[in-house]
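Here's the structure, in structure tokens; my notes come after.
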Amino acid sequence: MIWKLLLALTTSTAHVLAIGTPLGFGSSTVGGGSATAATPASAAQLLSWLADSTPRTIVISTTYDFTNYYGSTSGKICKPWTCSPNPQFAIDQNNWCANYQPSAATGTDSWYKSGTGYSYLLKVASNKTLLGKGSSAGIKGIGLLIQNADNVIIQNINISDINAKFVWGGDASERLPVTIVGSTHVWIDHCTIKNVGRQFIVTGYNPAKAITISNNIFDGRATYSATCNGKHYWVALFTGSADTITFAQNYIYQTSGRGPHIGGTSGYTQYVHVVNNYFVSVSGHALDSEVGAVTLAEGNYFNTVTTPSMAGTAGNEYFIQTSSDLSACQSALGRTCQANTLLSSGSVSRLNSAVLTALKAQSAVTRYSPMSASAAASYVQANAGVGKIN
Ligand SMILES: *[C@@H]1O[C@H](CO)[C@@H](O)[C@H](O)[C@H]1NC(C)=O
Ligand SMILES: *[C@@H]1O[C@H](CO)[C@@H](O)[C@H](O)[C@H]1NC(C)=O
């Protein structure tokens, strides 16, 4: 890591590298490697550079606005939530309203196409680094699709404003800022994501392996909310058939659910190390380990979180709190483990020892050196999100 920093400082901008190295599962991610850094002249050029087959280091320092890139459209919507004020609406994609919300009120509305599906998302191919420089590098109105790619780094990018009023309830495309499907070696670091229709980050059904999601801000402050309280419900969804994900040092606030939701399909397995994150002002739930989940939660700080982890869901989760949890973890993993801290938050009781049995064979977890929850709380508030590095 030191040599990389020195290299970045002492050479010209032609050899710009990401700052630091990924923790945990994504640790060998190199993105575009030593590809010469260049700045796209337009949104169209950014789109083409991300998608082509050339290894690239793409450096941006302003916001590329895709909101109206593909124009807008209008159509049928429904209103699955009846709470007030300002429930989110749902676009009637593939007859979703009639199929899943037959009693919801319907209407018509308009939205921007750039947010609405696989055909519009910004495709990110293999061997790419997208680096934000300074504090105003961003992508607006569109999400990134990292599909069947190997080696992608997205660092210091502000991602925002993707049809935040609407949800489409299907699974194929839902206005997602970052979608990782069937990809390996992906590092999403120091990004800030806000004001979107659906999850801030998801994996699909094909495996997402060797992934690190670190030092990001998931800002849940929302005008339109599925829970009608100004807090975004859809935070993160990890559902691949064989995901390995380190979710570390992220700052999650003013949300109301799915932070993250892991699993849900039997026969699939997601190894997710949720470590040293800082959650604050969460009116619903944070962790939700469904069938297939193998979740180790350690060294996280939950401040005013109604439900730090859902009870009774079918996945395996080991949520460390007591000295006996710590010693079981330490004897399985062979290193110091860290307890989660719950401040003004609900209680948790999730201790599936199958998690320790599975993860003791994963060096990304056994070699991880977590901070204490209180150190993580300060570190994350000072360091997460866009504008803190580069
Ligand atoms: C990415 O880079 C690696 C190493 O330089 C190379 O072997 C691989 O073929 C590249 N992948 C693609 C899809 O271009
Ligand atoms: C991120 O983008 C949003 C929406 O464009 C903007 O309000 C916010 O100031 C940006 N954040 C940073 C850190 O640049």
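Atoms within each ligand, like the ligands themselves, are counted from 1 in listed order.
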Closest to atom 2 (O) of ligand 1 among V30, T54, N127, D52 (heavy-atom distance): N127
Test log, rule side chain to side chain donor-acceptor pair (under 3.5 Å), inputs D189 and S214: CA-CA 5 Å; D189 184 65; S214 55; 2.6 Å; yes
Identified ring-ring contact (aromatic ring centres under 6.0 Å, His included) counterpart of F279 within the set F302, F247, Y251, Y301: F302
V355-Y268 co-clustered via ILVMFWY side chain contacts under 4.5 Å: no
Aromatic ring pairing F218/F200, orientation class (parallel under 30°, perpendicular over 60°, tilted between):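 Taking F200 first and then F218, their aromatic rings sit tilted (interplane angle of 30° to 60°).
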Atom 7 (O) of ligand 1 protein-contacted (non-hydrogen atom, under 4.0 angstrom):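 Under 4.0 Å from atom 7 (O) of ligand 1, zero protein heavy atoms found.
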Verify atom 11 (N) of ligand 1: protein non-hydrogen atom under 4.0 angstrom away: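 There is a protein heavy atom less than 4.0 Å from atom 11 (N) of ligand 1.
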D109/K165 ion pair, N-O < 4.0 Å: yes
Salt-bridge present (R258, E290; N to O < 4.0 Å):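 Salt bridge between R258 and E290, a charged N being under 4.0 Å from a carboxylate O: no.
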S126 neighbourhood, listing ligand 1 atoms whose heavy-atom distance to it stays under 4.0 Å: 12 (C), 13 (C)
V386 to ligand 2, any heavy atom closer than 4.0 Å: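 Distance cut 4.0 Å: V386 passes for ligand 2.
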Ligand 2-proximal atoms of D161, by part, heavy-atom distance under 4.0 Å: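 Within the 4.0 Å criterion, D161 contacts ligand 2 through side-chain atoms alone.
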Protein contact of atom 14 (O) of ligand 2 - nearest heavy atom, named by residue and atom, plus distance: S135 O, 3.1 Å
Any N/O pair N158/ligand 2 closer than 3.5 Å: yes
